[in-house]
Engineer: 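Pasting in a structure now, in structure tokens, and then I'll have a few things to ask.
Bear in mind the structure is a predicted one, so any value in this text is a computation, not a measurement.
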Amino acid sequence: MAVGVLALQGSFNEHVAALRRLGVKGVEIRKPEQLDNVTSLIIPGGESTTMAKLAEYHNLFPALREFVKKGKPVWGTCAGLIFLADKAFGQKTGGQELIGGLDCTVHRNYFGSQIQSFEADLSVPDLVTKEGGPETFRGVFIRAPAVIEVGPGVEVLAEYPVPSTNVLYSSSAVQIQEENAVPEKKVVVAVKQRNLLGTAFHPELTADTRWHSYFLKMGSDAGEEASSSIVQVGGSVDQSFDEKPRIDLPIYQ
């Protein structure tokens, strides 16, 4: 199995290292034709505007949309989640291009700026059911987005509590001084819809590989369905794997 990792900018090396720990080859994707040789794709976190400009420069958006339409599994983390959303706030009109496919609305930088990045233990019942392990997952949020609206076909996999005074305006999330105590609300930070997976946090920056394993199983399921209902397009998958010892990148413990 060869899994593509969009390698224009951001934490693609960390995703490749996480796949390697699971014994899976991660193929760095920078050109449209390279998508023909992978069974699934990870779109990493990073600076979404920069990634979008580079994707436009390499004419990747049409190929990425076609990849999604074929039903091949795609996982977006942080900025990658923004790319997969059908709608995104926090962008100028006519600004960043999106791939789409996830029936949800995402708010960029929902939790604030870089200095407001944080870690939190998330309840992930579906992940635990399928992958086992601890009842929670340590989410690393770096200038993270959040899903503020989901369609009827979207499965919510994780939520995070935020003060209900975190009110959305046309272009940003702002804090209002609260004089009286207010209840918390929950914002969605992980979703799944058919072949698409999105997380607002960065699993690739932790030692816990359960989200990567979860995604790989989505690829296996999609492959079984494709063999009976979808005609494979493009070149053959490269099954070779570099067996030379390699040093994994540092991760948060």
Side-chain angles (χ1 to χ4, degrees), residues 10-11 14-15 42-52 74-93 95-127 136-176 178 182-194 196-206 208 210-211 214-215 252:
S11 59
E14 289 81 355
H15 274 294
I42 298 173
I43 304 176
E47 212 297 306
S48 61
T49 303
T50 300
M51 290 172 65
V74 181
W75 174 20
T77 63
C78 196
L81 168 62
I82 297 172
F83 278 113
L84 290 179
D86 283 342
K87 297 178 183 177
F89 283 89
Q91 300 172 24
K92 297 180 180 179
T93 304
Q96 180 184 310
E97 194 170 355
L98 302 175
I99 298 167
L102 269 176
D103 184 14
C104 64
T105 301
V106 172
H107 194 289
R108 293 179 63 189
N109 306 133
Y110 179 87
F111 297 100
S113 64
Q114 186 81 21
I115 61 172
Q116 292 166 305
S117 300
F118 64 97
E119 296 182 28
D121 289 324
L122 304 172
S123 175
V124 286
D126 193 58
L127 184 72
T136 61
F137 184 91
R138 189 69 175 174
V140 179
F141 293 82
I142 303 174
R143 282 181 58 194
V147 179
I148 58 174
E149 185 176 292
V150 297
V154 177
E155 180 182 356
V156 174
L157 301 180
E159 296 176 299
Y160 180 75
V162 295
S164 62
T165 49
N166 199 30
V167 180
L168 291 178
Y169 282 80
S170 58
S171 61
S172 64
V174 298
Q175 286 292 88
I176 298 175
E178 55 178 312
V182 293
E184 287 184 332
K185 65 176 182 179
K186 290 184 177 181
V187 66
V188 176
V189 293
V191 291
K192 178 183 175 185
Q193 184 180 18
R194 297 187 301 274
L196 302 180
L197 177 66
T199 56
F201 46 93
H202 291 263
E204 75 280 8
L205 298 183
T206 76
D208 192 335
R210 284 182 293 167
W211 280 105
Y214 183 94
F215 178 65
Y252 294 109

Engineer: Take Glu47 and Arg143 through the test side chain to side chain contact (heavy atoms under 4.5 Å, CB included) and record every step on the way to the result.
Structural biologist: CA-CA 9 Å; Glu47 212 297 306; Arg143 282 181 58 194; 3.9 Å; yes
Engineer: Let me confirm one number: the CG-OG distance from Asn109 to Ser117, rounded to the nearest 0.5 Å.
Structural biologist: 9.5 Å
Engineer: If I take atom CG from residue Leu157 and atom CD from residue Glu155, how far apart are they, to the nearest 0.5 angstrom?
Structural biologist: 5.0 Å
Engineer: Look at the rings of Phe201 and Phe137 and say which category their plane angle falls in: under 30° parallel, 30 to 60° tilted, over 60° perpendicular.
Structural biologist: tilted
Engineer: Side-chain contact, heavy-atom cut-off 4.5 Å: Lys87 with Glu149?
Structural biologist: no
Engineer: Please enumerate all residues that pass salt bridge (charged side-chain N to carboxylate O under 4.0 Å, His left out) together with Asp126, with sequence neighbours excluded.
Structural biologist: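 If we apply the salt bridge (charged side-chain N to carboxylate O under 4.0 Å, His left out) test to Asp126, skipping adjacent residues, the hits are Lys130.
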Engineer: Please round to the nearest 0.5 Å and tell me the distance separating atom CD1 of Ile142 and atom CD of Gln114.
Structural biologist: 6.5 Å
Engineer: How about Tyr160 and Phe118: are their ring centroids closer than 6.0 Å?
Structural biologist: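 Here the rings of Phe118 and Tyr160 have centres that are less than 6.0 Å from each other.
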Engineer: Between Glu14 and Ser11, is any side-chain donor less than 3.5 angstrom from a side-chain acceptor?
Structural biologist: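 No, no side-chain donor-acceptor contact under 3.5 Å.
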Engineer: May I ask you to test the Thr206-Trp211 pair for a side-chain heavy-atom distance under 4.5 Å?
Structural biologist: no
Engineer: Could you check whether any side-chain heavy atom of Glu159 comes within less than 4.5 Å of a side-chain heavy atom of Ser123, counting everything from C-beta outward?
Structural biologist: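 SC-SC contact between Glu159 and Ser123 ruled out.
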Engineer: Report yes if the side chains of Ile42 and Glu204 come closer than 4.5 Å at any heavy-atom pair, otherwise no.
Structural biologist: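 The answer is no; the side chains never approach within 4.5 Å.
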Engineer: If you take all heavy atoms of Ala146 and Phe111, which pair is closest and at what distance?
Structural biologist: CB-CE1, 4.1 Å
Engineer: Show the nearest heavy-atom pair for residues Ala85 and Leu98, with the distance to one decimal.
Structural biologist: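 Closest approach of Ala85 to Leu98: O-CD1, 3.6 Å.
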Engineer: Which pair of non-hydrogen atoms, one from Gly139 and one from Leu122, has the smallest distance, and what is that distance?
Structural biologist: CA-CD1, 4.2 Å
Engineer: Counting only pairs under 3.5 Å, give me each side-chain donor-acceptor contact of residues 74-83, with atom names and distances, residues two or more places apart or in other chains.
Structural biologist:
unit_1	atom_1	unit_2	atom_2	d
Trp75	NE1	Thr199	OG1	3.2
Thr77	OG1	His15	NE2	3.2
Thr77	OG1	Gly45	N	3.1

Engineer: Give a yes or no on whether the backbone of Asp103 and the side-chain of Gln193 come within a donor-acceptor separation of less than 3.5 Å.
Structural biologist: yes
Engineer: Does some side-chain heavy atom of Lys185 sit less than 4.5 Å from a side-chain heavy atom of Val162?
Structural biologist: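 The answer is yes, as the side chains (C-beta and beyond) meet within the 4.5 Å cut-off.
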Engineer: In sequence, state the C-alpha distance, the side-chain angles, and the governing distance for Val191 and Leu102, and then conclude on side chain to side chain contact (heavy atoms under 4.5 Å, CB included).
Structural biologist: CA-CA 9 Å; Val191 291; Leu102 269 176; 4.0 Å; yes
Engineer: With sequence neighbours left out, what residues match Thr49 under side-chain hydrogen bond (donor to acceptor under 3.5 Å, both in side chains)?
Structural biologist: Arg108
Engineer: Is the shortest heavy-atom distance from the side chain of Val154 to the side chain of Val188 under 4.5 Å?
Structural biologist: no
Engineer: Go through the steps to decide whether Thr105 and Asp86 satisfy the test side chain to side chain contact (heavy atoms under 4.5 Å, CB included), and finish with yes or no.
Structural biologist: CA-CA 6 Å; Thr105 301; Asp86 283 342; over 6 Å; no
Engineer: When you compare the side chain of Leu197 with that of Leu84, does any pair of heavy atoms fall below 4.5 Å?
Structural biologist: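 No - every pair of side-chain heavy atoms lies 4.5 Å or more apart.
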Engineer: Using a 4.5 Å cut-off on heavy atoms from C-beta on, say whether the side chain of Val124 contacts that of Tyr214.
Structural biologist: no
